[in-house]
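Lettering follows sequence order; numbering is per chain, from 1.
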Protein chains: 2
Amino acid sequence: MTSARPITIKDIAKRFHCSPSTVSRALNDHPAINEDTRRNIKEYALEVGYQKNEVSLSLLNKKTATLGVVVPSIGHYYETAVIEGLHAVLQPLGYTLNICVTNENYLLEKEYLTKLLSNRIEGIFLSVAQETYDAGYYEHLEQVNQRHTPLIFIDREYETFETSRATVDDYHGAFAAVEHLIQMGYRHIAHLKGPNGLTVTEQRFKGYIDCLRKYNLDISEELIINTNFKVESAIVPTKRLLDLPLPPDAIFGVNDQVAIGAMRVAKDRGLRIPQDIGLVGFDNSPITAYTYPSLTTVGRPGRKIGMEASRLFLNQLNASEDFRHENIVLPAELIIRESTLRLS
Amino acid sequence: MTSARPITIKDIAKRFHCSPSTVSRALNDHPAINEDTRRNIKEYALEVGYQKNEVSLSLLNKKTATLGVVVPSIGHYYETAVIEGLHAVLQPLGYTLNICVTNENYLLEKEYLTKLLSNRIEGIFLSVAQETYDAGYYEHLEQVNQRHTPLIFIDREYETFETSRATVDDYHGAFAAVEHLIQMGYRHIAHLKGPNGLTVTEQRFKGYIDCLRKYNLDISEELIINTNFKVESAIVPTKRLLDLPLPPDAIFGVNDQVAIGAMRVAKDRGLRIPQDIGLVGFDNSPITAYTYPSLTTVGRPGRKIGMEASRLFLNQLNASEDFRHENIVLPAELIIRESTLRLS
DNA sequence: AATAATGCTTCAAACGTTTGCGGATATGTA
DNA sequence: TACATATCCGCAAACGTTTGAAGCATTATT
């Protein structure tokens with residue numbers, strides 16, 4: 001039963017005993033149409049709720065005004081901030097965003113890319129899934145290149161893949177976080193690392209390591225444990241850390257979620273934060289300002305990343321022959337709160 | 001420079017000096033095509049990366065296999081859970097979800113609906129924006145009805161609008177939360193209410209009020225303050241509550257965010273939770289299990305709602321003449337944690 | 001009165017794909 | 001040799017819209 005056939009321009013043409021061309025021109029205010037004809041047609045169109053079929057227009061103009069946004073999840077603050085930034089720039093320009101969530105799944109990511117290309121979207125913003133990283137797959141990106149569809153990496157990227165990207169300087173963000181811990185007098189600093197292989201994970205890890213090196217602090221394997229970005233994935237690792245003969249006096253979490261998980265475990269153990277143990281997260285998600293104690297964290301300008309990524313896309317669209325891919329890296333900002341502010 | 005024109009069926013036809021029909025049939029394994037021809041064509045298509053133009057197919061078949069999901073935001077746990085549920089059912093059936101974020105903005109919501117209809121999507125899942133509520137607008141929904149496009153309400157709905165919906169029993173969820181507080185011995189219970197007018201807000205509010213009535217507890221205007229669902233919107237209201245001559249001994253937050261905001265303020269005041277003050281949230285977002293103390297909350301089955309909403313859509317698609325809209329209401333579940341568990 | 005100009009409208013092609021029908025060639029049967 | 005039957009392929013229309021070019025009245029210009 002569902003769909004009563006939508007009114008078409010032909011239907012209107014029949015009603016007025018004129019040709020579809022006339023109706024089209026009338027609706028688009030073409031000057032070479034009689035004033036009365038135009039008015040009548042427009043009134044009637046409004047009355048019957050005519051809506052132009054964008055599908056046919058897309059076919060005709062080879063333009064869909066649609067962009068794909070392919071991300072592993074939309075549950076975290078950063079991702080939604082990026083999407084908001086994309087939206088802020090691109091929606092006013094008439095673009096529709098087609099948001100696809102891969103759930104960290106490679107096959108789904110591939111399927112989405114194919115589907116988006118089949119649907120003739122005009123550009124893709126991609127943060128690659130974890131599985132894609134793990135397996136080192138990237139053939140599914142070739143089809144995008146082959147079609148010369150602009151591809152912009154956001155957040156999670158392939159370092160070796162030649163395309164534009166807008167990312168955050170995770171390395172220096174992490175470095176600053178650990179340096180801050182050191183300046184606060186913490187010396188035995190653990191890291192709840194993300195899943196191995198992801199650029200964000202490894203960059204933050206590298207920042208952590210390099211900072212320890214700079215200050216001649218020991219790097220201990222047992223102080224580095226993987227998590228999967230979720231709160232609950234921090235619980236067991238944190239317990240293991242605190243059970244060590246020489247437990248850490250600070251924990252740097254790969255994101256806010258795991259830092260909050262660690263906070264919970266530390267409090268359960270009766271540890272005082274920041275006196276007994278310091279905690280740092282990453283992302284500056286809204287909640288971090290209101291945990292107790294509030295969480296020191298590294299802010300990522302997600303909205304700005306989205307806006308920069310949009311700019312990269314637009315540049316590529318209007319680019320000349322000698323177009324070179326751009327690499328935008330925005331700084332991360334250390335936000336000092338109570339969880340590390342111990343007056344030594 | 002960007003787009004090298006995608007390969008079409010005509011290009012392939014030229015290459016093999018045959019007609020487009022033949023290519024089409026070869027690619028679709030039509031039996032009336034010579035084995036060799038088919039093989040050659042398919043090989044060549046693969047080689048040059050041919051991808052069928054879904055836009056033209058949509059036009060031809062009047063089917064886009066795309067559904068619109070229009071929500072006020074994607075920042076909260078519940079919303080992403082719903083989307084995941086929709087996805088779980090509909091993605092395997094070949095549907096693409098077009099996720100649109102209205103930012104609580106009426107005009108944007110209207111624009112999205114129009115655009116989705118113009119793009120000939122086959123169904124819409126809608127959680128209405130706050131502005132839409134406030135102003136009581138709903139003409140923009142008429143166009144959806146007029147086109148007989150299935151419309152399913154999720155979460156935020158218009159009670160008076162005749163369509164299918166899948167929602168959570170906020171009323172009884174709130175009632176259970178407050179009843180639990182009463183059973184724990186709390187007597188002076190405040191409510192951090194959401195923005196007025198929203199169904200979810202009002203239902204939870206009603207549950208709160210009715211429960212107080214049932215137990216003959218006073219209902220005090222000054223214990224009811226509006227928030228906007230965000231953490232920070234709970235700070236000032238909570239301070240005002242705690243500054244009252246007779247401050248509340250428990251706070252029921254309209255969602256987890258505001259409850260966590262309240263938790264922060266209470267702790268700043270040196271109040272012990274749950275001994276001095278009880279706290280309840282709503283949504284069971286992952287973090288609530290790991291705050292300190294963990295937060296008692298009311299769980300909403302977001303994923304299930306998404307799946308049920310999908311079912312409603314599919315029902316409507318295959319419905320006969322005597323189709324009636326369905327109204328699915330799933331129960332909310334009280335999840336008791338430390339923030340209210342005082343042993344009286 | 002012939003020509004030019006103006007105002008309004010229709011024709012036809014195009015976008016990429018599918019599909020019923022008819023056509024052509026080759027093979028089998030009488 | 002004539003006819004039926006497979007086997008394979010092309011024609012053309014369709015989906016809804018836009019748009020350059022051409023058509024046709026009517027009015028203006030010489």
Side-chain angles (χ1 to χ4, degrees), chain A residues 3-42 44-45 48-66 114-115 117-122 147, chain B residues 3-42 44-45 48-66 114-115 117-122 147:
Chain A
S3 45
R5 195 175 59 80
I7 307 278
T8 74
I9 241 176
K10 289 184 187 173
D11 297 328
I12 303 181
K14 256 182 215 147
R15 160 75 175 66
F16 284 95
H17 305 292
C18 69
S19 74
S21 339
T22 302
V23 176
S24 169
R25 283 193 245 260
L27 293 175
N28 293 321
D29 287 321
H30 191 285
I33 291 291
N34 181 287
E35 194 59 43
D36 292 343
T37 318
R38 186 211 325 280
R39 192 164 25 76
N40 288 334
I41 289 181
K42 287 182 92 167
Y44 180 75
V48 298
Y50 168 78
Q51 272 177 324
K52 86 169 59 170
N53 186 331
E54 291 288 347
V55 176
S56 77
L57 270 184
S58 295
L59 180 59
L60 185 61
N61 300 329
K62 301 183 177 211
K63 286 193 176 170
T64 53
T66 302
T114 305
K115 196 157 192 173
L117 290 176
S118 290
N119 285 330
R120 299 298 189 260
I121 47 82
E122 298 174 25
R147 279 271 294 282
Chain B
S3 45
R5 196 175 59 79
I7 308 277
T8 72
I9 242 177
K10 290 185 187 174
D11 297 328
I12 302 180
K14 256 182 215 146
R15 161 75 175 67
F16 284 95
H17 305 292
C18 70
S19 74
S21 340
T22 303
V23 178
S24 169
R25 284 193 250 256
L27 293 174
N28 292 320
D29 287 321
H30 192 283
I33 292 291
N34 183 285
E35 194 59 43
D36 292 342
T37 320
R38 187 213 323 280
R39 193 165 22 76
N40 288 333
I41 289 180
K42 287 183 93 168
Y44 180 75
V48 297
Y50 168 79
Q51 273 177 324
K52 86 169 60 171
N53 186 330
E54 291 288 347
V55 177
S56 77
L57 269 185
S58 295
L59 181 58
L60 185 63
N61 299 330
K62 302 186 176 207
K63 286 193 176 170
T64 53
T66 302
T114 305
K115 197 158 193 173
L117 290 176
S118 290
N119 286 328
R120 299 298 188 260
I121 48 83
E122 298 173 26
R147 278 270 293 283

Side chain to side chain, A:E122 and A:K63, heavy atoms closer than 4.5 Å: yes
Any A:I41 side-chain heavy atom under 4.5 Å of A:I33 side chain: no
Span of DNA chain D, from the first to the last nucleotide whose atoms fall under 4.0 Å of chain B heavy atoms: D:dC8 to D:dG16
Of the listed nucleotides C:dC11, C:dT9, C:dT18, the one nearest the side chain of A:S21: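 Given the options C:dC11, C:dT9, C:dT18, the side chain of A:S21 is closest to C:dC11.
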May I have the distance from [X] (atom [atom1]) to [N] (atom [atom2]), rounded to whole angstrom?
{"X": "A:E35", "N": "C:dT9", "atom1": "CD", "atom2": "C1'", "result": "16 Å"}
{"X": "A:H30", "N": "C:dG7", "atom1": "NE2", "atom2": "C1'", "result": "12 Å"}
{"X": "B:D29", "N": "C:dT19", "atom1": "CG", "atom2": "C1'", "result": "16 Å"}
{"X": "B:N34", "N": "C:dT27", "atom1": "CG", "atom2": "P", "result": "13 Å"}
{"X": "B:N28", "N": "C:dT19", "atom1": "CG", "atom2": "P", "result": "7 Å"}

Positive for side chain to side chain donor-acceptor pair (under 3.5 Å) with A:Q51, one of B:R147, B:K115, B:R120: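 Going through B:R147, B:K115, B:R120 one by one, the side chain to side chain donor-acceptor pair (under 3.5 Å) with A:Q51 is satisfied by B:R147 alone.
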Residue pairs fulfilling salt bridge (Lys or Arg N to Asp or Glu O under 4.0 Å) with at least one residue in residues 24-35 of chain B, sequence neighbours excluded: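 The answer is B:D29-B:R38, B:D29-B:K42, B:E35-B:R38.
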Of all pairs that satisfy salt bridge (Lys or Arg N to Asp or Glu O under 4.0 Å), the ones with a partner from residues 9-18 of chain B, not counting sequence neighbours: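 Listed by first then second residue: B:R5-B:D11.
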Students often get this wrong, so: under 4.0 angstrom with heavy atoms, is [X] touching a base, only sugar-phosphate, or nothing?
{"X": "A:S58", "result": "nothing"}
{"X": "A:Y50", "result": "sugar-phosphate"}
{"X": "B:T8", "result": "sugar-phosphate"}
{"X": "A:K10", "result": "base"}
{"X": "A:L60", "result": "base"}

Donor-acceptor contact present, side-chain A:S24 to main-chain A:P20, <3.5 Å: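 Checking the backbone N and O of A:P20 against the side chain of A:S24, no donor-acceptor pair under 3.5 Å is found.
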Residue whose nearest DNA chain D nucleotide is more 5′ - B:P20 or B:N61: B:P20
Contact nearer the 5' end of DNA chain D, comparing B:R120 with B:H17: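 It is B:H17, whose closest nucleotide lies nearer the 5' terminus.
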Any N/O donor-acceptor pair, A:R25 side-chain to C:dG7 base, under 3.5 Å: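 For A:R25, whose side chain was compared with the base of C:dG7, there is no donor-acceptor pair (under 3.5 Å).
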Straight-line distance of B:N53 CG to B:I7 CD1, nearest 0.5 Å: 13.0 Å
